[in-house]
Structures are given as C-alpha cells and as structure tokens.
Amino acid sequence: MHIHSFIMHTARFIGSARFLATIMLLFLFSLCQLYGAAPASAMLTAKANHDHITIDFFYHGSTVSVKGLSEPGVDLVIKFTSPEGHQVLKQKGKIGGVLWMNVGQLKFEKTPNFYAVYSTKKLDDMLGREEREKYLLGYPALAKHIEISPVKNEEEKAKWFEEFVKFKESSNVYRTSFGKINTTATADGKQEYFILTDWPYQAAPGDYLMSVYAVKNGKVVEQAGAKVNVEQVGVVKTLATMAKNKAAFYGLLSIGIALGAGFGVGLVFRKGGGAH
C-alpha cells in the first residue's frame, strides 16, 4: 500500500514538473518571437549640434545640423515641429464686388506653428499614404490632420489650407525639401547621415521636436529624436516679459524711447543744417 502510494505521488510530481517545464518553454518561445520580430539592435541615432538657440539683441536666425547613424541602404526623413496649437487668420473677400476687406475669421486647430520636413527622396516615392498620414509627413498628411472652420466642404478646406501653407512658407516657418540629406557608408557597415538647415529668426521661442525616420520598403522601420530649445536672453527676454506682464508700462516706455530717439535725430539734423 505504501509503495503504491509513493509511486502515485511520484507520478503526480513528475507530471507537474513536465507541465511546469512546458509552460516555461512556451514562455521562452514567446519571448523569442517577440524580440525576434523587432530589429536585433536599434541602429538609428540622431543628434542636433545646436539644440539650444539663444535669441539676443543681435539675433537674426541660426543654423541647426543633424547627424547620426542608420542601417545601410535605408531612406531617411527628418522633421522639425513645434507643439500643435490654435491659430486664427483673417479671411478676405470682396465687398460689393469691388473692395477687398476682412469678411471673417478662419480657425485652424491642431496646427504646428513651425513645420519643416527634409527627406532623401520625394516622400511620395518613399512612403505610402497611410504611413505619411500616420507620422504627419508632408503637406497632404498635415492637411488631413489639421481642422479648419468654418468651411463648407473638403474642397474649400483644401483651398484655405493651401493659402495657409503659402502664408507660412512666406514667413519661413513652413518648408519641405528632398535630396539635401548627405549619406555615406562607414567602415563598420553602417550608414552615416548629415544635414545642415537654416533656422529662421521668425521661429518663436519654445521647445521644438526633431524626429528622424528610417524608411525601408515603403514603411517606417525605426525612429529617433531630440529636442531643440529656442530661448530669449538678456535685454530681449526682459522686454518680452515686460510686454507680457506689464503691458501699460511697456507701452509708455516704448513711447518714451521713440520720442527720445526722434528728439536726438532732430538735434543732429539741426546741427548739421547750421554748419552749412
């Protein structure tokens, strides 16, 4: 009886051990599948050489270069964007069929104030529509993402978005281009990339996101990013803070400075006139 009981307990133990071993093997297999589906190692890197831009009294724009490493043979997209926000533009139209005047306002929601995209090739040749819309790459993707009101239909929305982009491009805060990213093969079998971009003085102070996308077979396969901070310093920061928090005093100070400058110029011309 004791021997039979011992044999039964032993069999149950062996069965439990086999069951646990099976569970462990399945767990390890799932982990292998999970990590095997992703790239063996993240190869894409991104670094901005000038990630802190200071706006002082003599500031008139800057430059930002981006460099890094990627998997060999992939295409690349580099995007700079500001946080999304709300913008209002005045809508012009003819009054009485003669005079062009402001006839209303157009509201733009989910809109970045700054948007710049650079790519190794034309975006249409690199990525399908779904991928471009997913990562907001290119004006057509941005047009679908942005909300404009009031508009009657998609045709009218497309019209005002086109005008909006023209306005932003003329202000140097929207741009797209391809073929400006330089790529070279490294000795260890990787791909090195580099681009030097102009940073416009019209870009407002704040935090900007720089994103780099590695593209292969029409899909984004890897992504990396960094931040670029634009900050006012010195006299410019003092005056901007004053204009925001003490508007009345700032207005009086501006008038005083203008009057003083005008008086000084008048004295110079009087002296010059008396010399002749």
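The minimum heavy-atom distance between Leu44 and Ala214, with the atom names listed, is CD2-N, 4.0 Å. For the pair Gly218 and Leu127, the tightest heavy-atom approach, listed with the atom from each and the gap, is O-CD2, 3.6 Å. Closest non-hydrogen pair, Val228 versus Ala48, comes out as CG2-CB, 4.3 Å. Smallest separation of non-hydrogen atoms from Ala224 and Ala46: CB-CB, 4.1 Å. Pro72 and Gly189 make their closest contact through CG-O, 3.2 Å (heavy atoms, listed as atom of the first residue, atom of the second, distance).
Scored by the side chain to side chain contact (heavy atoms under 4.5 Å, CB included) test, Lys47 finds no partners at all (sequence neighbours excluded).
In this structure, a donor-acceptor pair under 3.5 Å is present between the side chains of Thr120 and Asp75. Between the side chains of Asp56 and Thr54, not a single donor N or O lies within less than 3.5 Å of an accepting N or O. With no hydrogens or angles considered, a side-chain donor-acceptor pair links Glu169 and Tyr139 at under 3.5 Å.
Counting only residues at least two apart or in different chains, side-chain hydrogen bond (donor to acceptor under 3.5 Å, both in side chains) contacts with residues 63-73 comprise Asn49-Ser65, Ser70-Gln191, Glu71-Lys216. Sequence neighbours left out, the pairs with a member in residues 197-212 that pass side-chain hydrogen bond (donor to acceptor under 3.5 Å, both in side chains) are Asp207-Asn229.
Around CG of Asp188, the count of heavy atoms belonging to other residues, nucleotides or ligands within 6.0 Å exceeds 12.
Note on Trp160: it clusters hydrophobically with Leu142, by side-chain heavy-atom contacts below 4.5 Å among ILVMFWY residues. Both Ile78 and Val173 sit in one connected hydrophobic cluster of ILVMFWY residues. Membership requires side-chain heavy atoms under 4.5 Å apart, directly or through other members. Criterion: ILVMFWY side-chain heavy atoms under 4.5 Å apart, direct or through other members. Under it, Val230 and Leu209 are not part of a common hydrophobic cluster. Residues Phe161 and Leu89 are members of one and the same hydrophobic cluster, defined by side-chain heavy-atom contacts under 4.5 angstrom among Ile, Leu, Val, Met, Phe, Trp and Tyr.
Between Glu163 and Lys166 a salt bridge is recorded (basic side-chain N to carboxylate O distance below 4.0 Å).
To the nearest 0.5 angstrom, Tyr115 atom OH is 8.5 Å from Thr81 atom OG1. For the atom pair His86 NE2 and Thr111 OG1, the distance stands at 9.0 Å (nearest 0.5 Å). Between atom CD of residue Glu131 and atom OH of residue Tyr213 there is a gap of 11.0 Å, rounded to the nearest 0.5 Å. Once rounded to the nearest 0.5 Å, the distance linking CG of Leu106 with CD of Gln87 reads 12.0 Å. The NZ atom of Lys144 sits 9.0 Å away from atom NZ of Lys157, with the distance rounded to the nearest 0.5 Å.
Side-chain contact between Tyr118 and Phe80 is present, with heavy atoms from C-beta onward closer than 4.5 Å. A 4.5 Å side-chain heavy-atom check between Leu136 and Lys79 finds at least one atom pair inside the cut-off. Here the side chains of Ile53 and Tyr59 are in contact, with some heavy-atom distance below 4.5 Å. The closest side-chain heavy-atom distance from Val66 to Ile181 is not below 4.5 Å.
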Exercise for review: Give the intermediate values and the outcome of side-chain contact (heavy atoms from CB on, under 4.5 Å) for residues Ile146 and Glu84.
Suggested key: CA-CA 10 Å; Ile146 287 178; Glu84 293 181 357; over 6 Å; no
Practice item. Show your reasoning for whether salt bridge (Lys or Arg N to Asp or Glu O under 4.0 Å) applies to Lys110 and Glu147. Key: CA-CA 7 Å; Lys110 301 195 298 184; Glu147 298 173 0; 3.5 Å; yes
Point to revise | Step-by-step side-chain contact (heavy atoms from CB on, under 4.5 Å) determination, Lys159 to Glu162 | key: CA-CA 5 Å; Lys159 168 194 168 185; Glu162 185 178 349; 5.9 Å; no
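Of the possible polar contacts, none joining the Ser119 side chain to the Phe178 backbone as a donor-acceptor pair under 3.5 Å is found.
Shown are Phe164, Phe167, Phe114; of these, the ring pair (Phe, Tyr, Trp, His ring centres under 6.0 Å) with Tyr174 is made only by Phe164.
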